[in-house]
Undergrad: 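Mind looking over this structure? Questions follow.
For the numbers below, each heavy atom of this structure counts, side chains included, while hydrogens, waters and symmetry mates do not.
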Amino acid sequence: IYPDGYTTNVSVSGVSDVLEGEFRAGHFDGVATVVAKLFLQTGAHRAYFGQKDFQQLMVVKRMARDLDIPIEVIGCPTVREPSGLAMSSRNLRLSAEGLDRAAGLYPVMQQVAARLAGGEGFGPLADEARSKLEALGFADIEYFDLRCEDHLQLLQTPTRPARLLVAAW
């Protein structure tokens, strides 16, 4: 994939600068670069990415569109454990206690989403959700944001298609 002397990277500004991009500098440059190379080398017509990593999906879609790579990038629904926890190979790193704690995230997100749909503002809901997560034992909440689906801009109300995005340890 990377020949000797390789020096080119693909960077997708905007959608990669927020959320995970704030905490993992350069991560999405690596994602965009390797995915662009794979798209071009395989000549695939379609690529499927899980919505669990929604920001990554947006980075890949934007990169393919901006570089005129002739591929359809399709987002697939998040698959969940019976507990509601999103399935992920990273879950293997969690202890039994950590798995139980992590399963508490999804119900909090569902409650916030339902209340947003009922017309409540995001600010107070986010504060309440952060408190609930802290009470569940989440030590560090990197973000608990309502973002517009297309550009990942912050929203206070879901006035257009939006996603509730959370990273918590």
Undergrad: With sequence neighbours left out, write down each residue that passes side chain to side chain contact (heavy atoms under 4.5 Å, CB included) with R46, or none if nothing qualifies.
TA: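 R46 satisfies side chain to side chain contact (heavy atoms under 4.5 Å, CB included) with Y48, E72, I74 only.
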Undergrad: What distance do D140 atom CG and W169 atom CH2 have between them, rounded to the nearest 0.5 Å?
TA: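 Reported value, rounded in 0.5 Å steps: 8.0 Å.
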Undergrad: Is there side-chain contact between L164 and D145, with heavy atoms separated by less than 4.5 Å?
TA: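 Heavy-atom side-chain distance check fails, nothing below 4.5 Å.
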Undergrad: Where do G104 and L136 come nearest, in terms of heavy atoms and distance?
TA: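 Nearest pair, atom of G104 first, then L136: O-CD1, 3.7 Å.
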Undergrad: Is it true that, when you exclude E97 itself, more than 12 heavy atoms of the residues, nucleotides or ligands shown sit nearer than 6.0 Å to its CD?
TA: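 It does not: E97 CD has 12 such atoms or fewer within range.
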Undergrad: Given side chains that start at C-beta, do those of L146 and R163 come closer than 4.5 Å, heavy atoms only?
TA: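 With C-beta onward as the side chain, the pair stays apart.
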Undergrad: Flag yes if F39 and F28 sit in one hydrophobic cluster, no otherwise; membership is Ile, Leu, Val, Met, Phe, Trp, Tyr, and two members link when side-chain heavy atoms are under 4.5 Å apart.
TA: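 Yes: a chain of side-chain contacts under 4.5 Å links F39 to F28.
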Undergrad: Heavy atoms only: give me the nearest A129-V108 pair and the separation to one decimal.
TA: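 Of all heavy-atom pairs spanning A129 and V108, the closest is CB-CG1, 3.7 Å.
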Undergrad: State, yes or no, whether a side-chain contact exists between D17 and S13 at a heavy-atom distance under 4.5 Å.
TA: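 Contact flag for D17/S13 side chains = yes.
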Undergrad: Distance under 6.0 Å and angle within 45° of the ring axis: does R80 meet both against Y106?
TA: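 Ring-cation test returns yes.
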Undergrad: Return the set of residues passing salt bridge (Lys or Arg N to Asp or Glu O under 4.0 Å) with K132 (not counting sequence neighbours), or none when no residue passes.
TA: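 Counting only residues at least two positions away or on another chain, K132 forms a salt bridge (Lys or Arg N to Asp or Glu O under 4.0 Å) with E128.
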Undergrad: If you apply the rule side-chain contact (heavy atoms from CB on, under 4.5 Å), what do you find for H45 with I71, and how did you get there?
TA: CA-CA 5 Å; H45 299 288; I71 192 167; 5.7 Å; no
Undergrad: Considering all heavy atoms of both residues, which atom of S11 and which atom of D29 are nearest to each other, and what is their separation?
TA: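 Distance-wise, the nearest heavy atoms are OG-OD1, 3.1 Å.
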Undergrad: Report yes if the side chains of V35 and F49 come closer than 4.5 Å at any heavy-atom pair, otherwise no.
TA: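 Side-chain contact under 4.5 Å: yes.
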Undergrad: Among H151, E149, Q153, find the residue that satisfies the side chain to side chain donor-acceptor pair (under 3.5 Å) test when tested with R160.
TA: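 The passing option is Q153.
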Undergrad: Through direct or indirect side-chain contacts below 4.5 angstrom among Ile, Leu, Val, Met, Phe, Trp and Tyr, which residues connect to L154?
TA: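 Members alongside L154: none; it stands by itself.
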Undergrad: Going only through I, L, V, M, F, W and Y residues with side-chain contacts under 4.5 Å, is there a path from V166 to F23?
TA: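 No, V166 and F23 fall in different hydrophobic clusters.
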Undergrad: Is there a side-chain contact between L165 and Q55, using heavy atoms and a 4.5 Å cut-off?
TA: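 They are not in contact (no side-chain heavy atoms under 4.5 Å apart), so the answer is no.
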Undergrad: Check side chain to side chain contact (heavy atoms under 4.5 Å, CB included) between A113 and all other residues, then give those that pass, not counting sequence neighbours.
TA: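 Testing A113 for side chain to side chain contact (heavy atoms under 4.5 Å, CB included), a comparison that skips the adjacent residues, returns none.
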Undergrad: Does the side chain of Y2 reach to within under 4.5 Å of the side chain of K37, using non-hydrogen atoms?
TA: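 Yes. Closest side-chain heavy atoms under 4.5 Å.
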Undergrad: Of all heavy-atom pairs between T78 and Q51, which one has the smallest distance, and what is that distance?
TA: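 The answer is OG1-C, 3.6 Å.
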Undergrad: I need the minimum non-hydrogen distance between A162 and L155, along with the two atoms involved.
TA: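 Heavy atoms of A162 and L155 come nearest at CB-CD1, 3.7 Å.
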Undergrad: To the nearest 0.5 Å, what is the distance between CD on E81 and OG on S88?
TA: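 Between atom CD of E81 and atom OG of S88 there are 9.5 Å.
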Undergrad: Using the six-membered ring wherever Trp is involved, compare the ring planes of F144 and F122 and label them parallel, tilted or perpendicular (cut-offs 30° and 60°).
TA: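 Rings of F144 and F122: parallel, as their planes differ by under 30°.
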Undergrad: Does one hydrophobic cluster hold both Y143 and L116, with members joined at side-chain heavy-atom distances below 4.5 Å?
TA: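 No, because Y143 and L116 fall into different hydrophobic clusters, even though each may have its own neighbours under 4.5 Å.
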Undergrad: Can you name the residues that form a salt bridge (Lys or Arg N to Asp or Glu O under 4.0 Å) with R62, not counting sequence neighbours?
TA: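 Not a single residue meets the salt bridge (Lys or Arg N to Asp or Glu O under 4.0 Å) criterion with R62.
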Undergrad: Show the nearest heavy-atom pair for residues E142 and E20, with the distance to one decimal.
TA: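 Heavy atoms only, the tightest pair is OE1-OE2, 4.3 Å.
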Undergrad: Tell me every residue that passes side chain to side chain contact (heavy atoms under 4.5 Å, CB included) with A32, counting only those two or more places apart in sequence or in another chain.
TA: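 Partners of A32 by the side chain to side chain contact (heavy atoms under 4.5 Å, CB included) criterion, ordered by chain and then number, come out as V10, V12, V59, M63.
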Undergrad: Do F54 and L19 come close enough that some side-chain heavy atom pair is under 4.5 Å?
TA: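 With C-beta onward as the side chain, the pair stays apart.
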Undergrad: Are side-chain heavy atoms of S83 and L99 found at a separation under 4.5 Å?
TA: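 Counting from C-beta outward, S83 and L99 never come under 4.5 Å.
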Undergrad: So T8 and T33, side-chain contact (heavy atoms from CB on, under 4.5 Å) or not? Walk me through it.
TA: CA-CA 8 Å; T8 302; T33 300; over 6 Å; no
Undergrad: Do M58 and V18 belong to the same hydrophobic cluster, where Ile, Leu, Val, Met, Phe, Trp and Tyr are linked whenever their side-chain heavy atoms lie under 4.5 Å apart, directly or via other members?
TA: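 Linked, M58 and V18 end up in one cluster.
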Undergrad: Decide whether L85 and V112 are clustered together by the hydrophobic rule: side chain heavy atoms of Ile, Leu, Val, Met, Phe, Trp, Tyr closer than 4.5 Å, transitively.
TA: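 L85 and V112: separate clusters.
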